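Have a look at the structure below, then the notes.
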Amino acid sequence: MRGRPGDVVRDPRVAPGPRRAGKLDPRPRRNPLTPLGWVSVALTLVLVATTLGAYAYYRSIEGTIPRLPFDPGASRPPETGALNVLLVGSDSREGDNKQYGPKSQGLGERTDTIMLLHISPSRDKATVISFPRDSMVMVPECQGRNGAVLPGGIKQINSAFNDGGINCTVKTLESLTNIKINHFVKVDFTGFKGIIDALGGIEICLPKPVNDPKAKLVLPAGKHVVNGEQALGYVRTRYALGDGSDLSRIQRQQVFLTQVLKKVTDGGLLTNPVRLNDFLRSVAAAVTVDTGLTLDRMLEIATSVRGLTAKELKGITVPVEAYPADKNRVQFSQPAAKNFFEAVRNDDEVTPTPTPGTSAAPKIEHEQVRVQVLNGTGEQGKAVQVADELAAQGFAVIEVGNAPTTATTAIRYAKKDAQDGPAYAEAVAARLSKDKRTPVAGKVKPVNAQPYESKVAQLPDGPIVQLVIGADWPGVRVQSAIPDSLKDKVVDATTNPCL
């Protein structure tokens with residue numbers, strides 16, 4: 001029986017396991033499953049959002065979805081308003097999955113692909129973050145599948161799931177990223193095929209002929225609409241396409257996700273009751289989710305993502321580099337990975353929902369807002385640092401200076417601007433990280449202030465917003481979850497599907 005990956009590395013010169021991140025691995029291995037379980041969450045939510053009146057019908061479907069407890073421990077990252085769903089593919093060979101490896105029956109389940117679906121707090125962007133299964137990371141102490149305590153240490157990232165199950169996986173990812181995971185979805189081979197068949201197939205593009213008996217995929221070059229069995233082969237094959245690396249396969253899987261979302265939103269599924277019913281029942285039969293992902297929770301999320309389409313979905317792989325102790329494995333590339341996780345945590349703020357029956361106020365663009373930045377922390381240079389960050393996002397910063405020391409950060413507007421001031425101040429408040437801060441009327445008197453050279457071509461004439469930085473300064477949110485340094489690694493609806 002093949003050894004399980006992910007054992008603690010006792011000697012950094014002898015890292016276990018033969019799998020290669022970038023080259024052909026001559027040893028036999030179990031083919032992985034891409035975790036298209038996210039389809040069951042993100043897409044089902046979009047579907048449910050279109051027909052909220054059919055509550056009883058969806059309640060009957062919900063009762064068929066298997067669920068597992070979700071308890072990664074008490075010490076967890078803070079909420080940011082984003083929705084983060086862990087997506088794992090199970091390679092269990094039990095039940096109908098035995099055709100993909102009957103000799104592996106009774107050996108439990110593993111995952112070779114781990115993804116995190118991140119939907120921004122404003123629910124207008126979705127990012128699928130892939131974690132290469134060969135990544136060597138610090139796995140915290142966890143409870144194993146057998147109830148025993150698993151010691152922490154440097155291990156292969158998928159060992160968290162293989163040995164500790166879903167809760168250990170969540171605990172590991174949260175410790176690595178400091179991103180709170182709200183829900184999880186797991187899907188197996190048979191479930192994946194059912195989802196694709198219920199969609200009527202998905203279009204793929206092959207740059208060359210493929211003949212991969214292990215993945216059960218034999219097709220000529222060019223475009224094809226593949227059924228569930230063929231789609232499973234497409235996302236499982238490794239050496240028949242790309243450069244033979246797991247990183248190349250991850251990119252292909254991300255392209256496939258965009259094609260699935262296109263099919264759901266543009267393929268007439270929502271207007272065909274029969275197909276919609278088949279799809280939703282296939283999703284319910286395909287997945288296992290956490291106990292907190294109830295129908296009420298799905299409906300709650302659905303109303304906030306109803307406008308999400310394929311063009312808003314982006315795929316990105318965590319930046320990695322060769323692992324020094326074993327060139328067949330990788331490790332997170334620093335500081336690129338750290339900066340990326342920070343960017344995801346500091347994503348866009350929630351857009352306020354207008355009260356029913358009232359018209360939404362005109363959106364205030366950043367370049368319309370004049371800002372005075374005052375430092376109330378006592379930390380030298382803080383006002384200029386924050387001013388530069390706001391100016392980089394288009395705000396018309398006009399002054400920087402100091403304010404009396406304060407514990408609390410505040411966004412202020414002049415009392416005389418009671419009519420327009422709040423809207424302009426809200427534009428600044430929306431760019432601060434962590435909990436939303438409500439702007440207040442009345443400004444403080446600066447200890448000193450000096451002009452700031454604005455980067456706006458023409459200064460606006462609206463109200464001046466005063467940002468007073470306190471000891472609890474939360475930081476400025478970044479504009480995108482994907483830093484500029486990783487833009488060329490993004491997979492989206494415009495990416496060439498012939499990979």
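No experiment lies behind these values; they were computed from the predicted model shown.
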- Message: side-chain contact (heavy atoms from CB on, under 4.5 Å), that's the test. Do F340 and F332 meet it? Break it down for me.
- Response: CA-CA 11 Å; F340 171 56; F332 290 176; over 6 Å; no

- Item | Residue pair S130 / Q253, side-chain donor-acceptor N/O under 3.5 Å | no

- Query: Quick one: are L176 and I157 in side-chain contact, heavy atoms under 4.5 Å?
  - Reply: yes

- Message: Please give me the minimum heavy-atom distance between R238 and D212, naming the atom from each residue.
- Response: N-OD2, 4.4 Å

- Task: Kindly compute the distance separating CG (L247) from CD (Q251), expressed to the nearest 0.5 Å.
- Result: 9.5 Å

- Message: Can you tell me how the ring of Y234 sits relative to the ring of F256, calling it parallel under 30°, perpendicular over 60° and tilted otherwise?
- Response: tilted

- Is the backbone N or O of T177 less than 3.5 Å from a side-chain atom of R345, with the two atoms forming a donor-acceptor pair by type? yes

- Main-chain N/O of T111 paired to N162 side chain as donor or acceptor, under 3.5 Å: yes

- Where is the tightest heavy-atom contact between I196 and A231, given as atom of each residue plus distance? CG2-CB, 3.9 Å

- Verdict with supporting geometry, L68 and K186, side-chain contact (heavy atoms from CB on, under 4.5 Å): CA-CA 10 Å; L68 290 175; K186 180 178 71 171; 4.3 Å; yes

- Note on the structure: Heavy atoms of R249 and T237 approach each other most closely as CD-O, 3.4 Å

- Task: Would you please test L116 and N84 for side-chain contact (heavy atoms from CB on, under 4.5 Å) and show each step?
- Result: CA-CA 7 Å; L116 186 64; N84 297 296; 4.2 Å; yes

- Min side-chain heavy-atom separation Q259-I204 under 4.5 Å: no

- Query: Relative to F161, does R145 satisfy both conditions: NZ or CZ under 6.0 angstrom from the six-membered ring centre, and within 45 degrees of the ring's axis?
  - Reply: yes

- Message: When you compare the side chain of P497 with that of E203, does any pair of heavy atoms fall below 4.5 Å?
- Response: no

- Reported CE-to-OG distance for the pair M136 and S159, which is rounded to 0.5 angstrom: 8.0 Å

- Query: To the nearest 0.5 Å, how far apart are CG in L173 and CD1 in I129?
  - Reply: 10.0 Å

- Item | Closest heavy-atom pair and its distance - K208, A240 | CE-O, 3.0 Å

- Partners of E174 by salt bridge (Lys or Arg N to Asp or Glu O under 4.0 Å), sequence neighbours excluded? R76

- Query: Is there side-chain contact between L432 and W473, with at least one heavy-atom pair below 4.5 Å?
  - Reply: yes

- Query: Between V320 and P132, which heavy-atom pair has the shortest distance, and what is it?
  - Reply: CG1-CG, 4.1 Å

- Heavy atoms, side chains only, cut-off 4.5 Å: are V287 and I65 in contact? yes

- Message: With a 6.0 Å cut-off (strictly less than), is the heavy-atom count around NZ of K180, excluding the residue itself, greater than 12?
- Response: yes

- Task: With rounding to the nearest 0.5 Å, note down the distance linking CG in D163 to SG in C142.
- Result: 9.5 Å

- Close side-chain approach of L241 to P207, heavy-atom, < 4.5 Å: yes

- Between NZ of K216 and CD of Q230, what distance do you get to the nearest 0.5 Å? 12.5 Å

- Item | R133 side chain vs Q156 backbone, donor-acceptor pair below 3.5 Å | no

- Worked check of side-chain hydrogen bond (donor to acceptor under 3.5 Å, both in side chains) between D472 and T409: CA-CA 6 Å; D472 65 344; T409 298; 3.0 Å; yes

- Item | Gap between atom OG1 of T495 and atom CD of Q254 - 0.5 Å precision | 9.0 Å

- Would a 4.5 Å heavy-atom cut-off, applied to side chains only, mark Q143 and N167 as touching? no

- What one should report as the nearest heavy-atom pair of D290 and F184 is OD1-N, 2.9 Å

- Message: Between V289 and H183, is the side-chain contact (heavy atoms from CB on, under 4.5 Å) condition met? List the steps.
- Response: CA-CA 7 Å; V289 303; H183 299 288; over 6 Å; no

- Query: Mind checking whether E79 and N182 have side chains closer than 4.5 Å, heavy atoms only?
  - Reply: yes

